[in-house]
Amino acid sequence: MAKDSMLSGMANLNPDAAKMSDGKSRVSTKDLASLLRFTNTSKFSFILLIFAAILSGGLQVVAPAFLGYTIDHMGEAGSIDLSYLGSHALILLGMYLVAALFTWVVSYYANVVAAKTALEVRRALSLKLTKLPVSFYDTHPQGDTATHFINDADAISEGMLQGLLNFFTVLVTILGTVGFMVFISWKMTLIILPMAVLMIWSATTIAKKTTKYFKSQQNLVGSISGDVEENLYGRKEIKAFGCEDKFLDEFREKNEQLNKSSVTAQFASSLPNPVTRFVDSTSYILIGALGVWIGGLTAGNITTFILYWKNFSKPINDLTNITTQIMAAFASLTRVFSILDLPEEKEDPEETSELTSSSAKAPVQAAEDRTSSEAAVGGSSPVAGEHGGEVLFEHVTFGYTKEKKIFDDFSLRVKPGQKVAIIGPTGCGKTTLMNLLMRFYEPDSGRILIDGKDITEMSRSELRRRFGMVLQETWLLERSIRDNIAYGRPDATDEEVIAAAKAARAHGFIKRLPDGYDTVPGKDISLSEGQKQLLCIARVLLMDPSLLILDEATSAVDTLTEKRIVEAFDNMTKGRTGFIIAHRLSTIAGADQVITLGKKK
């Protein structure tokens, strides 16, 4: 799977980071409280929802009592007072119409709150992902992470919608109903309430057992999403190796697992409804059979009691009907908070070291300090060390595990303006060295200095602004070529963008495209890997960094394209400190130093 980080292709991953994928199996009170905090942006809607739910539930409680009173006082058999009955029927109709109106208000604002909650969940996830360490992205499939934004956020929204539609109305209805039932006949209430307890107990017991099935279902959805993304990204390799059948077999197996998990979850979640309806029907028989004998109820009282029992049991039946959505929401909630509760990168120090080189300034200011737009993108030939960029590794020790050290007491000094080649077999730590330099990982001991300043005394953003990286995996947005080059400097002028493209040897092929700099890669036209790399180099040139990293950027291109990339990189490294990670000797021919790393056993 493609990685946007420098860790693509690394043989060593942090095993501790893998543990972060272990989601909790149950929703905690803290998670629910945190979920409620996501509703802060919709407080007004939440208040209106509660107000409407109270009025709707209150009217549904009063209406049955009014109906029972009407039945008992409309007259004797054969002499019914039709005018009395008609006026009371209109009043009753008005009650139910107003209750229906407030029910609609509850439904509308429940949708508003649920939608805004999903919005806030996605916003919190996107913010969290910017603060997670690089190790997270190397131990979590991108497809699975994407499902948190789509499937899980939608499941939480749907579950919250159904919960809000029922909770407050149910609360008012049940409390009011029990009160009126006790008032009418406390004996019948004592007989009938155990049936309600039985309904609630059976529904909640079954619902609890279904949570694990829905969690398994959501995990499989994430896994399948990751597999599909891998297939789309590596479709050429899959076809080239003739592995279509292998992919289909693996996909079919997981799809079958998802089907079984979904069927099991749906079956388990469907059980509470028939169980509660059976108890419900039994309760109607008890009310009719025992109402007069034990409760001493009149015809109107029995009617009222039946309606109250319906008011009491209906919310419970409704809740069992939406068990699927509620349990799926709980499962998604645990998955979302398994991300939100992850440890973030250590905070930067409040006071960071001031950088003395020209690149410590904002890119726009650094460009203004040059005398021409060509110089702003490396077109001039500044003297070596003009940008600063001395790098010093002092007795650095680092390993992804305590048992396996990648570097042990490693030291290296790179003078300003030098171009250093780093070579060695796969897995020897070439890319890891750059990760340490950019603070994607922290060394176990020792320190790294740039221009005499310990990088831990700099903020990460401040440090990383000094670097320009061109990686093996090209990364372009589905936007115009102009926007891709100006990604790091959106305020750059067209002249600066064109100057960067010229310095990167990309201007020629861009002008031959149908829409020139307005062409959208991947949509209007398909670019070669070499052309993509030249655009990535142009993007780095426009940022005017003082330190440059070329990480296997020529490994997937032909010899002619490699020559162009190396020429562009040579032009870019004039006066700047550069690191080249490569296997081809032609790529590192002009290096001032060659560092050979050995395979760690």
Verdict with supporting geometry, Val391 and Leu547, side-chain contact (heavy atoms from CB on, under 4.5 Å): CA-CA 9 Å; Val391 177; Leu547 297 105; 3.3 Å; yes

Worked check of side-chain contact (heavy atoms from CB on, under 4.5 Å) between Ile448 and Leu392: CA-CA 6 Å; Ile448 304 171; Leu392 180 62; over 6 Å; no

Steps toward side-chain contact (heavy atoms from CB on, under 4.5 Å) verdict (Leu449, Arg447): CA-CA 7 Å; Leu449 298 92; Arg447 61 178 186 160; 3.6 Å; yes

Check against salt bridge (Lys or Arg N to Asp or Glu O under 4.0 Å), Lys419 and Asp592: CA-CA 5 Å; Lys419 185 163 63 173; Asp592 300 305; over 6 Å; no

Salt bridge (Lys or Arg N to Asp or Glu O under 4.0 Å) evaluation trace for Arg439 with Glu457: CA-CA 11 Å; Arg439 288 190 67 192; Glu457 296 175 1; over 6 Å; no

Met434 vs Phe579, side-chain contact (heavy atoms from CB on, under 4.5 Å): CA-CA, chis, key distance, verdict: CA-CA 9 Å; Met434 298 299 98; Phe579 295 88; 3.7 Å; yes

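Salt bridge status for Asp154 with Arg122: present, with a side-chain N to carboxylate O gap under 4.0 Å. With respect to Lys430 and Asp551, no salt bridge is recorded, no charged nitrogen being found less than 4.0 Å from a carboxylate O.
Residues Arg539 and Leu541 are not in side-chain contact: their nearest non-hydrogen atoms beyond the backbone lie 4.5 Å or more apart. In this structure, Phe398 and Asn435 have side chains that are not in contact, with every pair of non-hydrogen atoms separated by 4.5 Å or more. The closest side-chain heavy-atom distance from Leu534 to Phe509 is below 4.5 Å. Contact annotation: the side chain of Ile485 approaches that of Tyr517 to within less than 4.5 Å [non-hydrogen atoms, C-beta and beyond]. Here the side chains of Val520 and Arg479 are not in contact, with every heavy-atom distance at 4.5 Å or above. At least one side-chain heavy atom of Ile450 sits under 4.5 Å from a side-chain heavy atom of Leu463.
Considering every non-hydrogen atom in both Ile510 and Ala501, the closest pair reads CD1-CB, 4.0 Å. Contact between Asp444 and Gly399 at its shortest, heavy atoms only, is OD2-N, 3.1 Å. Minimum heavy-atom separation, Gly429 to Ile406: CA-CG2, 3.8 Å. In this structure, His395 and Asp409 approach most closely via the heavy-atom pair ND1-OD1, 2.8 Å. For the residue pair Pro545 and Phe467, the shortest heavy atom distance occurs at CB-C, 3.6 Å. Looking at every heavy atom in both residues, Leu340 comes nearest to Ala124 through CD2-O, 3.8 Å.
In this structure a side-chain-to-backbone donor-acceptor pair under 3.5 Å is present from Thr577 to Gly417. Counting only distance, with no hydrogens or angles, the side chain of Thr519 and the backbone of Asp515 share a donor-acceptor pair below 3.5 Å. Between the Arg505 side chain and the Ala503 main chain, a donor and an acceptor come within less than 3.5 Å of each other. Judged by distance alone, the side chain of Glu496 and the main-chain N or O of Thr493 form a donor-acceptor pair under 3.5 Å. Within the 3.5 Å criterion, the main-chain N or O of Thr117 finds no donor-acceptor partner in the side chain of Glu120.
To the nearest 0.5 angstrom, Ile481 atom CD1 is 9.0 Å from Asp518 atom CG. One finds the CD atom of Glu478 at 10.0 Å from the CG atom of Asn484 (value rounded to the nearest 0.5 Å). In this structure, the separation between CD1 on Ile423 and CD1 on Ile580 is 11.5 Å, given to the nearest 0.5 Å. Residue Ile339 holds its CD1 atom at 9.0 Å from CG of Asp152, rounded to the nearest 0.5 Å. Taken to the nearest 0.5 Å, the CZ atom of Arg464 stands 11.0 Å off from the CG atom of Leu437. For the atom pair Thr431 OG1 and Leu436 CG, the distance stands at 11.0 Å (nearest 0.5 Å).
Between Glu390 and the choices Arg576, Lys415, Arg413, the salt bridge (Lys or Arg N to Asp or Glu O under 4.0 Å) rule is met once, by Arg413.
A donor atom on one side chain and an acceptor atom on the other are found under 3.5 Å apart for Ser480 and Asp483.
Between Phe393 and Phe407, the gap from one ring centroid to the other reaches at least 6.0 Å.
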